[in-house]
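Data block below; observations after.
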Amino acid sequence: MRQAGRSLPEYREIRGSGSILDAIADADLSTEITLQPVRRYGNDAAILFSDIVVPAHAIGFGVEVKPGVGPVVEQPFAGRGDLERLRPLDPEADTPHVIQTVENLVSELDVPLIGFAGAPFTVASYLIEGGPSKDQAKTKGLMLDDPELWHDLAGRLTDMAIASLRSQVAAGAQAVQLFDSWAGALTPAMYREFVLPHSTRVLAEFTDVPRIHFGVGTGEILTAMAEAGSEVMGVDWRVPLNAARDRLGEGIAVQGNLDPTVCLASWDAVEAQTRAVLAANGGRPGHIFNLGHGVLPPTDPSILERVVELVHRETAA
Ligand code: 1CP
C-alpha cells in the first residue's frame, strides 16, 4: 500500500512538519518510516520511502514538496532552453541517501523491498505544470505543439528514472515499480505516441527484477501500458480485476485494487469490498492485493490491519 505510513500516528510523530524532501534526505529516518507500516500491518513487501520528484530535486531543477499540496516547481519547464536544467542524475553523488536507505532496509527487512521511480510522463507533468494538475493541459499542449521537444524532455527523464532505479536495484531493492500515476489523462493514441516508447525504455533495463507498472484511471490504456513490458500491471478501483484480466490476457499479474476511500467506511463495508476484490480475481495466481491508489491520511490504521489479516486468511494456501 503506497503512502501507508501517512495514516500512522507513529509516522506523524517522527515525520515532524518539515519538508518530506528533508525526511527523505535522512537515511535513518527514511529507513524507519519505510519499516513502520510493515511492522504494523505485516504486509508482504515494503515500498521505499522516497518520492518521484527526488531525482529532479537532487539535480537542482527547483522542485519542492509542499505539505498538503505535493510537488511544486519554482520555474516550470517551458521551452527548449530548460532542457539544460535537466543534467544526468549521478545517484552516488546526487542521491547517496536513497542508496543508503535501500541498503539499511535490505539488511533489516524480512520481506522484499520495492524500489521505484516516477515514469517520464508523470514526472514531466509536474515539471511542466509547476504542481499538481487536474487535466495536465500544459503537458499535453507541449506534446502536441512541439513533439520534438517533448521527446527530448521525456528522453532525459527516462535516463533519470533508469539511473535512479539502477542505483536502488544495485543497493538491493528486489523489485521495481514505475509510477505513471497520471497517464490516465491521455487517450490511447497519445499514450502510444508520446509515452509508451519512453516507459518501454525504462522497463527494458530491469529484466533482472520483477517490474510493476502503475497508473490511476488507466482502464482505457491498460493494454497499451502493458506493452511497455512488466510482470505486473497496477489496476485502480475503477476496473474490476476480472475485466482487467480480460483486457490484459494471460501471462501478466495484476496489482490492486481496493478503492482507498472505502477504507474510511465501517469495517462491515470494508470487509465486503475487500472480499469483492478477491472474488473479482477469482483465486487466479498472480494477484498482488493492494489499494487502487495511496492510503488516505484519515484512514484508521486498525481498518488496514484488518484488511491485511482478512486477505492473508482468505488467500492462505
Ligand atoms: O508509502 C510511502 O510512503 C512510499 C513513498 C512514496 C511514494 C511511492 C511517497 C511519499 N511518494 C510516492 C510516489 C509519488 N509521489 C507518486 C506516485 C504514486 C501515487 O500516485 O501515489 C506521486 C504522484 C507523487 C507526487 C506527490 N508527492 C504527491 C501527489 C500530488 C498530486 O499531484 O496529487 C504528494 C502529496 C507528494 C508528497 C508525498 N510523498 C510521499 C508522501 C508520504 C507524501 C505526503 C506528504 C508528506 O508526508 O509530506
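Note that ligands are numbered from 1 as they come in the structure, with each ligand's atoms numbered from 1 the same way.
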**Nitrogen or oxygen of Ser133 less than 3.5 angstrom from that of ligand 1** =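 Min N/O separation from ligand 1 is not below 3.5 Å for Ser133.
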
What atoms of ligand 1 come within less than 4.0 Å of a heavy atom belonging to [X]?
| X | result |
| --- | --- |
| Val65 | 37 (C) |
| Phe179 | 8 (C), 17 (C), 18 (C) |
| Gly70 | 34 (C), 35 (C) |
| Tyr11 | 42 (C), 46 (C), 47 (O) |

Check for me whether [X] has a heavy atom closer than 4.0 Å to any atom of ligand 1.
| X | value |
| --- | --- |
| Gly294 | no |
| Gln177 | no |
| Val69 | yes |

**Asked** Which class fits the ring pair His293 and Trp182: parallel under 30°, tilted 30 to 60°, perpendicular over 60°?
**Response**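 Rings of His293 and Trp182: perpendicular, over 60°.
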
**Request:** Hey, can you tell me if Phe194 and His151 have their rings parallel, tilted or perpendicular (30° and 60° cut-offs)?
**Result:**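 Because their plane-to-plane angle is under 30°, the rings of Phe194 and His151 count as parallel.
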
Please classify the [X] to ligand 1 contact at 4.0 Å (heavy-atom distances, strictly less than): side chain, backbone, both or neither.
| X | value |
| --- | --- |
| Ser50 | backbone |
| His293 | side chain |
| Ile33 | neither |

**Item:** From CA spacing to verdict: salt bridge (Lys or Arg N to Asp or Glu O under 4.0 Å), Arg80, Asp152
**Value:** CA-CA 9 Å; Arg80 183 153 293 277; Asp152 287 347; 2.9 Å; yes

From the candidates [options], the one that places a heavy atom nearest [atom]:
| atom | options | result |
| --- | --- | --- |
| atom 30 (C) of ligand 1 | Trp182, Phe49, Tyr126, Phe214 | Tyr126 |
| atom 22 (C) of ligand 1 | Asp22, Ile52, Val295 | Ile52 |
| atom 5 (C) of ligand 1 | Leu48, Ile47, Asp180, Thr122 | Leu48 |
| atom 40 (C) of ligand 1 | Val72, Ile20, Leu291 | Ile20 |

**Prompt:** Is the number of heavy atoms from other residues, nucleotides or ligands under 6.0 Å of Glu220 CD greater than 12?
**Reply:**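 For Glu220, atom CD is not crowded (no more than 12 foreign heavy atoms under 6.0 Å).
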
**Asked** Is the number of heavy atoms from other residues, nucleotides or ligands within 6.0 Å of CD (Glu92) greater than 12?
**Response**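 At most 12 heavy atoms, drawn from other residues, nucleotides or ligands, come within 6.0 Å of this atom.
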
**Prompt:** Any chance the side chains of Thr261 and Asp259 put a donor and an acceptor closer than 3.5 Å?
**Reply:**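 Asp259 and Thr261 do have a side-chain donor-acceptor pair below 3.5 Å.
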
**Prompt:** Are Arg166 and Asp208 within salt-bridge range, i.e. N to O under 4.0 Å?
**Reply:**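 Salt bridge present between Arg166 and Asp208.
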
**Message:** With a 4.5 Å cut-off on side-chain heavy-atom distances among I, L, V, M, F, W and Y, is there a chain of contacts connecting Ile221 to Val123?
**Reply:**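 Cluster IDs for Ile221 and Val123 match.
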
**Prompt:** Could you state the interatomic distance from CE (Met233) to CG (Asn257), rounded to the nearest 0.5 Å?
**Reply:**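 Between atom CE of Met233 and atom CG of Asn257 there are 12.0 Å.
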
**Request:** Could you give me the CA-CA distance, side-chain angles and deciding distance for Ile128 and Trp150, then say whether side-chain contact (heavy atoms from CB on, under 4.5 Å) is met?
**Result:** CA-CA 10 Å; Ile128 297 166; Trp150 164 261; 4.0 Å; yes

